[in-house]
**Student:** 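Structure in structure tokens, see below.
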There are 2 protein chains.
Amino acid sequence: MSVKEKKRGRPSQSQSRLTAELIILSARKLMLENRKVPSIRQIAGVLGVDAMAIYHYFSNKSALLEAVTISLIETIYEPKAGGKWQDELKLLCKSYLELLGTHPGLLEILLSMQSFGPAQLFNQRLMSVLAPLQLPQAAFEQARNLLVDYIHGVALAMQCNPDVISSDCINGPLCLIFSALEDRR
Amino acid sequence: MSVKEKKRGRPSQSQSRLTAELIILSARKLMLENRKVPSIRQIAGVLGVDAMAIYHYFSNKSALLEAVTISLIETIYEPKAGGKWQDELKLLCKSYLELLGTHPGLLEILLSMQSFGPAQLFNQRLMSVLAPLQLPQAAFEQARNLLVDYIHGVALAMQCNPDVISSDCINGPLCLIFSALEDRR
DNA sequence: AACTATTTTTCTACAATGTAGAATAATAGT
DNA sequence: ACTATTATTCTACATTGTAGAAAAATAGTT
């Protein structure tokens, strides 16, 4: 049962090279499968390397998780220009919610990040969806804050109670927001 | 510098007795001061006992934190019967939000609890506030879900970015909800 | 070709955490 | 006086993030 200890030091180039992208992908996969933020050792495990190898590509765990977050947030729904704003908004929100709900821990990382990049992405897509409504700036911001924080709240509830809450639970409250939005138009 | 190692075994009754309530209070204090969920060893430290002594009163850390949560949640604002519903609602929400915002980790514990007791408490107070509106059941539930999850979202943002977000940030979105509520009356 | 510097990796080690299990001492019950 | 129960400390273990050093392959320089 020799577990084949790896040789120390830089491997010869024949071996499949470790990259930041590979690490991010493994972390994403583990996060989704295990429904929690993976440990560095777990990530290293599936990559077949020592845990400390990860630290050559990321200065610490937090940096790795931020990269994972950026990678994940780019997968949310990209609104189409043609559709009804209500439909597009619902699709966008559900996609965001499902991403957060299926990746427990992601939300906390996202909210703790200094870089506003990832948070901005949802904001931009929301703006493009709500553009046809031509809301005044203040009304848009109110609605955005309400929407974003509401979704975050639901996502947190989903990850604390997996299998109990479905992403459909936002339908009702979303309608409430819709009607409030139409009033302010 | 004798650090005065404690004698092993049950202490004689003269010593100030450890109780579940004392443990809960110490945990609350640490949670508030350090802005995070304390470790068992920290709690035991301020109580001057060994970490394992805690386990005589709580079967595990989770049970202790649930007790802390129940204790904390009872401190939220109790609505007065006389006031305007908008004012009372705002006070209730802010009180809840500030509790969650100043006790990072509390929200996750609350949402993970099987016992619905603590979550119900806010629900009840909300019902008493909104009673004068005589909303249909479905509309009340929509509004409650929106409100609760929105507050949770804001609370999470507050604990991830301490000192950046104030509890006043809910004013705008709250007004949005108010107007939606009045429409459904 | 020979040296040196750099890059990429593993190894060892440490502190912090939750908590199981055993030892121990005070008290309560008989 | 003996036994059982209760309240406590002690020791130990697995898991975590990660610092620091050693090692091996590669790249750069003369």
**Student:** Could you please spell out the steps behind the ring pair (Phe, Tyr, Trp, His ring centres under 6.0 Å) verdict for Tyr96(B) and His152(B)?
**Tutor:** CA-CA 9 Å; Tyr96(B) 185 45; His152(B) 289 172; 5.6 Å; yes
**Student:** Donor-acceptor pairs are to be reported for all side-chain atoms of residues 163-178 of chain B against protein atoms at under 3.5 Å, with residues two or more places apart or in another chain.
**Tutor:**
{"residue": "Ser166(B)", "atom": "OG", "partner": "Asp168(B)", "partner atom": "N", "Å": "2.8"}
{"residue": "Ser167(B)", "atom": "OG", "partner": "Glu98(B)", "partner atom": "OE2", "Å": "2.7"}
{"residue": "Asp168(B)", "atom": "OD1", "partner": "Lys94(B)", "partner atom": "NZ", "Å": "2.7"}
{"residue": "Asn171(B)", "atom": "OD1", "partner": "Lys94(B)", "partner atom": "NZ", "Å": "3.4"}
{"residue": "Asn171(B)", "atom": "ND2", "partner": "Asp168(B)", "partner atom": "O", "Å": "3.2"}

**Student:** OP1 or OP2 of dT10(C) versus the side-chain N and O atoms of Lys6(A): is any pair under 4.0 Å?
**Tutor:**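 For dT10(C), OP1/OP2 do have a side-chain N/O of Lys6(A) under 4.0 Å.
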**Student:** Counting C-beta onward and ignoring hydrogens, is there a side-chain heavy-atom pair between Leu64(B) and Ile43(B) closer than 4.5 Å?
**Tutor:**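 A side-chain contact under 4.5 Å exists here.
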**Student:** I'd like a table of atom pairs between the protein and nucleotides 12-19 of chain C - only N or O on both sides, under 3.5 Å - with the distance next to each one.
**Tutor:**
{"residue": "dG18(C)", "atom": "OP1", "partner": "Lys61(B)", "partner atom": "NZ", "Å": "2.1"}
{"residue": "dG18(C)", "atom": "OP2", "partner": "Ile40(B)", "partner atom": "N", "Å": "2.9"}
{"residue": "dG18(C)", "atom": "N7", "partner": "Arg41(B)", "partner atom": "NH1", "Å": "2.7"}
{"residue": "dG18(C)", "atom": "O6", "partner": "Arg41(B)", "partner atom": "NH2", "Å": "3.1"}
{"residue": "dT19(C)", "atom": "OP2", "partner": "Tyr55(B)", "partner atom": "OH", "Å": "2.7"}
{"residue": "dT19(C)", "atom": "OP2", "partner": "Lys61(B)", "partner atom": "N", "Å": "2.9"}
{"residue": "dT19(C)", "atom": "O4", "partner": "Arg41(B)", "partner atom": "NH2", "Å": "3.1"}

**Student:** Between dG17(D) atom P and Leu64(A) atom CG, what is the distance in whole Å?
**Tutor:**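 So the two atoms are 10 Å apart, to the nearest Å.
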**Student:** Within the structure, does a side-chain N or O atom of Arg17(B) lie under 4.0 Å from either OP1 or OP2 of dA7(D)?
**Tutor:**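 Yes, because at least one side-chain N or O of Arg17(B) sits under 4.0 Å from OP1 or OP2 of dA7(D).
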**Student:** What is the distance, to the nearest angstrom, from the NZ atom on Lys7(B) to the P atom on dT6(D)?
**Tutor:**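 Those two atoms, NZ and P, are 21 Å apart.
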**Student:** Does Arg10(A) contact dT7(C) through a side-chain donor or acceptor facing the base, at a distance under 3.5 Å?
**Tutor:**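 Side chain to base: pair present.
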**Student:** Under a 3.5 Å threshold, yes or no: a donor from one side chain and an acceptor from the other, between Gln124(A) and Gln120(A)?
**Tutor:**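 No, Gln120(A) and Gln124(A) have no side-chain donor paired with an acceptor closer than 3.5 Å.
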**Student:** Is the distance from OP1 or OP2 of dT8(D) to the nearest side-chain N or O of Tyr57(B) less than 4.0 Å?
**Tutor:**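 Affirmative; the distance criterion is met.
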**Student:** I'd like to check Leu133(A) versus Phe140(A) (side-chain heavy atoms, cut-off strictly below 4.5 Å). Are they in contact?
**Tutor:**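 No. Closest side-chain heavy atoms not under 4.5 Å.
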**Student:** Does His56(B) make a side-chain N or O approach to OP1 or OP2 of dA7(D) shorter than 4.0 Å?
**Tutor:**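 It does, given that an N or O in the side chain of His56(B) lies less than 4.0 Å from OP1 or OP2 of dA7(D).
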**Student:** Among residues two or more places apart or on two chains, list those pairs meeting salt bridge (Lys or Arg N to Asp or Glu O under 4.0 Å) that have a residue in residues 32-42 of chain A.
**Tutor:**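 Residue pairs with at least one partner in residues 32-42 of chain A: there are none.
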